[in-house]
Amino acid sequence: MEKIWLKSYSPGVPAEIEVNDLGAIGEKFEASVRDHADRVAFISGASGVRITYRELDILSRKVAAWLQSVLKLPRGSRVALMMPNLLQYPVCLLGALRAGYVVVNVNPLYTARELEHQLADSGTVAIFILENMAHVLEKAIGRTPIKHVVVTGVGDLLGFPKKHLAHFVVRRVKKMVPPFSLPGAVSFDAMLALGADARFEPVAVASDDLAFLQYTGGTTGVSKGAMLSHRNLLANARQAEVWSDPFLDPDDEFILVTAIPLYHIFALGSAVSHIARGGVNVLVADPRNTAGFVKVLAHYRFVSLPAVNTLFNSLIHHPDFARVDFSKLRFAIGGGAAVQRAVAERWQQITGTPLCEGYGLTECSPTVTCNPLHITAYNGSIGLPMPSTDVSIRDEGGAEVAPGEAGELCVRGPQVMKGYWNRPDETAKVMTPDGYLRTGDVATIDADGFLRIVDRKKDMILVSGFNVYPNEVEQVVAMHPHVLEVAAVGVPDEDSGEAVKLYVVKKDPALTAGALIAHCRESLTAYKVPKLVEFLDELPKSNVGKVLRRELRERGAGGKS
């Protein structure tokens, strides 16, 4: 496909990036240490405790030394991280990467079954885990290759340097730690002490070496590990850098607020990019506590806030959010799931900054497209392909379709994964002969190069032979003033094969199913109008905040209405 999108780029954004000089993530971090040693690198949003680049260098070296010289792990060994957004995360992350190991990010809410699969499939031999989740590891560890366990507490590093804070936090959360038994496990503090006495021998990490086994959600089968190299992550970081540089004052402090969990590719990619540019990253461990989240935002004049639609939605409905200082906010980036127009418009009314939607996936490290940052309002698109990124919209037979026609979005670029770990058959299913990744998403591209996701192929609803895309229905329902949240799914129907069913969280208790269906009839053709409506107190969501349509489909298939 001709790169018709280049004409819509923001002034100053290049069509291509240089990818042959990217090096490794550890190298980029060490350059930031040299250039910004006394600049704050990470802040614990809940406590305000800060770690500078110099301190992060010292702490991550101890982790690297422990792995390398105390455990004597062979280079390339897999090391898992299972914790929320705590200061320990970047310390362990950088320690492992600097020593030439492969990081396996683990959702801390995993069950024992899910954890066992990921650790066994990846061949992980060491894990850093929050004590609150250690009882889950206890149930699974006997059927995994794990030989070394480091257990950390929420209070660890909060005494760095303000020791009294650690005592306060530990007293509050101790009751939340289920009992566990992991013989041979060491504490985070003990690991740092051992690492301080050990030698770290810097290793030459190549750009194409594996950095992460980043596991997909597994909604279409067994969870698979996307093999992401240092080049993949750093290429995506450079793409983000050139995309945003024309809109930044290089003398200003660049504060990023990370509310999405760092184990998720969206936050991980942002963090790697921010470390490479020497920025300040404020970590929010519990963004579902909206009041606490707003209090964190009120403490910082932040420049960037990447989040998912549900998080933006929860913020705009909090009474204190409008009092936050948005004077430095330049980029509010929505990803992970479709941004709804009603949320985007209300966001801009409150903050004065457009909500820019982007698109990415685990296999692309993650960003594929983003709206140009000069837009003045939400436009309903996922934006333009990033520099050095090719896209192709293809039909079922693999032929490219014309602009405006829907087809599967296929992607090629330096951010695309090397393949799935130990699954060449699965890799072959998603990679085309000409090197494109098949995303499984249905999209269109217009004459100016802007892409729109019609929907996930697997989420499409087939009503009497007609395709109905849940995103379209949800956008219409979300515009109703008495709707807080909505999800649309297909449920079995004797007459039409499938019917559209809504799951809705109300703003107004008086809202009725009939009123919603009448609202939909004004904007949707007859076969797209929902047939069933069920009201819930809340929608099921992943830890990232993405609505779990699969759970709702299963609920609908059970006959509830």
Side-chain angles (χ1 to χ4, degrees), residues 13-14 16-43 50-65 67-68 75 79 81 87-103 195 199-212 228-256 258 262 267-283 303-304 365 367 386-388 414-415:
V13 174
E16 305 289 334
I17 60 165
E18 177 57 58
V19 297
N20 294 319
D21 63 347
L22 292 173
I25 295 169
E27 285 181 72
K28 292 296 182 186
F29 167 66
E30 288 160 7
S32 290
V33 173
R34 290 191 297 271
D35 295 341
H36 315 293
D38 295 318
R39 181 181 293 176
V40 172
F42 285 88
I43 302 173
R50 300 161 180 245
I51 291 181
T52 66
Y53 278 89
R54 188 193 311 278
E55 292 163 342
L56 186 53
D57 176 42
I58 293 168
L59 289 167
S60 61
R61 276 178 175 270
K62 292 178 182 180
V63 174
L67 293 167
Q68 187 185 69
R75 186 174 161 177
V79 175
L81 307 183
L87 294 175
Q88 295 92 302
Y89 214 117
V91 169
C92 297
L93 177 81
L94 289 166
L97 293 176
R98 294 175 77 182
Y101 300 116
V102 179
V103 171
R199 176 177 175 78
F200 168 54
E201 189 66 47
V203 296
V205 179
S207 188
D208 282 328
D209 285 350
L210 275 190
F212 299 96
L228 302 181
S229 68
H230 289 261
R231 183 192 300 272
N232 290 151
L233 268 293
L234 290 176
N236 211 225
R238 181 164 290 179
Q239 289 166 329
E241 188 175 343
V242 300
W243 201 255
S244 59
D245 273 354
F247 302 89
L248 293 172
D249 182 340
D251 296 325
D252 273 358
E253 186 177 51
F254 190 164
I255 298 178
L256 166 75
T258 299
L262 283 168
L268 180 67
S270 295
V272 169
S273 176
H274 220 57
I275 288 168
R277 73 194 309 166
V280 182
N281 196 332
V282 181
L283 300 179
V303 174
S304 179
S365 311
T367 310
M386 302 298 282
S388 292
Q415 71 271 48

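It should be emphasised that the depicted structure is a prediction, and the values quoted were computed from it without experimental measurement. Values reported hereafter were calculated over all heavy atoms of this structure, with side chains retained and with hydrogens, waters and symmetry mates removed.
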> Any carboxylate oxygen within less than 4.0 angstrom of a Lys/Arg side-chain nitrogen, looking at Arg98 and Glu30?
yes

> Checking Gln68 now: which residues fulfil side-chain hydrogen bond (donor to acceptor under 3.5 Å, both in side chains) with it, not counting sequence neighbours?
none

> Heavy atoms only: give me the nearest Ser60-Phe29 pair and the separation to one decimal.
OG-CE2, 3.9 Å

> Within the structure provided, determine whether Glu201 and Val203 are in side-chain contact (heavy-atom separation under 4.5 Å).
no

> Determine whether Asp245 and Arg277 make a side-chain contact, defined as any pair of heavy atoms from C-beta on separated by less than 4.5 Å.
yes

> Applying the side-chain hydrogen bond (donor to acceptor under 3.5 Å, both in side chains) criterion to Asp209, which one of His230, Arg75, Arg231 satisfies it?
Arg75

> Which heavy-atom pair separates Val205 from Gly100 by the least distance, and what is that distance?
CG2-CA, 4.0 Å

> Using 0.5 Å steps for rounding, measure from the CZ atom of Arg54 to the OG atom of Ser32.
13.5 Å

> Considering non-hydrogen atoms only, spot the tightest contact between Ala276 and Lys28 and give its length.
CB-CB, 4.2 Å

> Any donor and acceptor pair, going by atom type alone, linking the side chain of Tyr53 with main-chain N or O of Gly279 inside 3.5 Å?
yes

> Would you check if the side chain of Ser207 reaches a backbone N or O of Leu22 as a donor-acceptor pair within less than 3.5 Å?
no

> What pair of heavy atoms forms the shortest contact from Glu18 to Asn20, and how long is it?
OE2-N, 2.9 Å

> Return the minimal non-hydrogen interatomic distance between Ile17 and Pro387, and the atom names on each side.
CG2-CB, 4.0 Å

> Could you check Phe212 against Leu93 for side-chain contact (heavy atoms from CB on, under 4.5 Å), going step by step and ending with a plain yes or no?
CA-CA 10 Å; Phe212 299 96; Leu93 177 81; 3.5 Å; yes

> Determine whether Ile275 and Leu94 satisfy the following criterion, side-chain contact (heavy atoms from CB on, under 4.5 Å), listing intermediate values before the conclusion.
CA-CA 10 Å; Ile275 288 168; Leu94 289 166; 4.3 Å; yes

> Can you give me the closest heavy-atom contact between Ser270 and Leu256, atom names plus distance?
O-CD2, 4.1 Å

> In Å and rounded to the nearest 0.5 Å, what is the CD1 to OG1 distance from Ile43 to Thr52?
11.5 Å

> Quick one: OG1 on Thr258 to CG on Asn281, what's the gap to the nearest 0.5 Å?
3.5 Å

> Going by the side chain to side chain contact (heavy atoms under 4.5 Å, CB included) test, name the single residue among Ile255, Val280, Leu56, Ile51 that passes it with Val40.
Val280

> Any side-chain heavy atom of Tyr89 within less than 4.5 Å of one from Leu283?
no

> One pair to check against side-chain contact (heavy atoms from CB on, under 4.5 Å): Leu248 and Val303. What are the steps and the verdict?
CA-CA 9 Å; Leu248 293 172; Val303 174; 3.8 Å; yes

> Would you give the length of the straight line joining atom CD of Glu241 to atom NE2 of His274, rounded to the nearest 0.5 angstrom?
11.0 Å

> Just to verify, what does Val272 make a side chain to side chain contact (heavy atoms under 4.5 Å, CB included) with, not counting sequence neighbours?
Ile25, Leu233, Leu234

> Rounded to the nearest 0.5 Å, what's the gap from CZ on Arg238 to OG on Ser388? Could you check?
10.0 Å

> When rounded to the nearest 0.5 angstrom, what distance separates CZ in Phe247 from OG in Ser304?
13.0 Å

